Number of protein chains: 2
Amino acid sequence: MSDQIYITGHKNPDTDSICSAIAYAELKRSLGINAIPMRCGETNEETNFALEKFGYQSPELVEDVKEKSIVLIDHNESNQSPNGIEEAEIVEVLDHHKINFNNSKPLIFFSKPVGCTATLVYEKYLEAKVALTKNVAGILLSAILSDTIVFKGPTTTVSDVEIAKTLAKIANITDLEKFGIELKKQKASLFGKSATDLINSDLKEFNFKDKKVAIGQIEIVENSEFESRKKEILTELQKIKEAKNLSLIAFMATNIIEMGTTLLCVGETEIIEKAFHKKVAENSVYLKNVMSRKKDIVPPLEKAFS
Amino acid sequence: MSDQIYITGHKNPDTDSICSAIAYAELKRSLGINAIPMRCGETNEETNFALEKFGYQSPELVEDVKEKSIVLIDHNESNQSPNGIEEAEIVEVLDHHKINFNNSKPLIFFSKPVGCTATLVYEKYLEAKVALTKNVAGILLSAILSDTIVFKGPTTTVSDVEIAKTLAKIANITDLEKFGIELKKQKASLFGKSATDLINSDLKEFNFKDKKVAIGQIEIVENSEFESRKKEILTELQKIKEAKNLSLIAFMATNIIEMGTTLLCVGETEIIEKAFHKKVAENSVYLKNVMSRKKDIVPPLEKAFS
């Protein structure tokens, strides 16, 4: 292993995974560590918008991290990590998700239940007494607004909001809400996207007991466009379920304005009914106030499987 | 769950598990959190010596933590946790061991590869800007000297040594080494102890692949007494292996003066040979410079099983 370390978020990277990787690598480099941010997949429109606004380019695409030294951010479950993670050396984890981690060597593992990894990256800057540039503040702010759904998501904590306000000052963003909605809307249009692209844009795999489950999520700003695509998306979900040999695949279309999720599901859909005490009709169920895969979907689903 | 939280180390508690639990609970209480330290087993002579010297009593014995809110310190693997942990709510983890952890809800998880949890507890006092009393410093110092084998163990880091020096000043301990050896010797005599007690004094279970393995450790200051007990200990290891349905049980007698370990093993002993490239004769092998279960035994053994 070289003394170079790669900082990576999860597969199907979101704004937090990309922006936190860039900002955390900058902090490490300012502390004399040879750290470079990477991505293991395409960035989405929302992330591109944030990067462009604050003068950054997409981090290096690394297809396989075999034999590299790796800092995992914004995830800790190996099935969400880049390819080759089993043969990489994980030197650190910085995350805000549930933990399902196994490593034979002790390492720095820091996780806190806040709304966004970027909130923790900001804390690391504070700890190290390193000042944030305007642009680093801007991408960290974008990540927080993205992950907390402009503070509407249930994972939002007081820390996320306070730190976002501080970052907004440094980044010279006067209207936080307005910037947040502008950012979120980049990704919320389904126009011109194939069903495959929609599902794969943010699909995560989980192992609940011995069952393989995948849960995807998109954000939408109005329902009619999504309703007209349902059938096509369900056909694609069925294909992915078979190809990946899943027990269940669920797909959340979360309306960030009306604050609710239409959940499409294929496979053992009775588990969905058990978890949410609602009838699934034609592979679809509407869940009011459900915004977060991590907080609103994964825990009841994991419980229902157990 | 009540708003009371219990802070607990691992089964067969050592000085770090007990002293760090007491000190971390004191910190939490000074921050307005209703935290109480607990133990899930008998304390050993070394721990009792440290507690007595600095005016503490053994923490409350809790046999089952079902439905309690729990902070895990000095371990993270559930098979090392108190009984009932599956039905408890884990709210935080503070540890320095390898990670094998699974929890459906995000929580504060902080782990760093230092020699002792007490080193991290000291850092938490610093972070919270809470001053340490002489007695808290004394028990944290005892834990560091114990876990690092008076700085001779391979897990010792610069942080452990620096923080121990700072703690010694606060605790008014002038000769660190002398105090450390006095402390370690409390536990190092085998006199008057049954083979069962020796093995169970610090026995930890691991799952390597699908194999259940237990590894125990004692510290000794001279070999002859141990040599004369070998046969009796092997008989007892065989019994435990059968009772617990283990693939392998290993028992380390670590001489802290000559810095080496006699390893007794029962079960799939060929794995020991594979892991350490040494012949096991009559269920015994001597491993020079091997001091630490965590650093010297578990990683090569886990690799050999995989």
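Quick caveat, the model's predicted, so the values are computed rather than measured. Lettering follows sequence order; numbering is per chain, from 1.
Listed by chain and residue number, nothing satisfies the salt bridge (Lys or Arg N to Asp or Glu O under 4.0 Å) test with B/D296 (two or more places apart in sequence, or in another chain). Considering only residues two or more places apart in sequence or on other chains, A/D202 meets the salt bridge (Lys or Arg N to Asp or Glu O under 4.0 Å) condition with A/R293. In this structure, the salt bridge (Lys or Arg N to Asp or Glu O under 4.0 Å) partners of B/K28, at least two apart in sequence or on a different chain, are B/E92.
Across all non-hydrogen atoms, the minimal contact from A/E302 to B/N102 is OE2-OD1, 4.5 Å.
Summarising the geometry, atom CZ belonging to B/F101 is positioned 10.0 Å from atom CG belonging to A/N76; distances are rounded to the nearest 0.5 Å. For the atom pair CZ of A/F206 and OG of B/S104, the computed distance is 12.0 Å after rounding to the nearest 0.5 Å.
For chain A, the option among B/T155, B/D95, B/V298, B/N100 with the highest count of heavy-atom pairs below 4.5 Å is B/N100.
At a 4.5 Å heavy-atom cutoff, the contact between B/K294 and chain A is made by side-chain atoms alone.
Residue A/K66 qualifies as open at atom NZ: its count of foreign heavy atoms under 6.0 Å is 12 or below. For NZ of B/K152, the number of neighbouring non-hydrogen atoms (other residues, nucleotides, ligands) closer than 6.0 Å is greater than 12.
Below 4.5 Å, heavy atoms of chain B meet heavy atoms from A/K105, A/P106, A/L107, A/I108, A/F109, A/F110, A/S111, A/K112, A/P113, all part of residues 105-126 of chain A.
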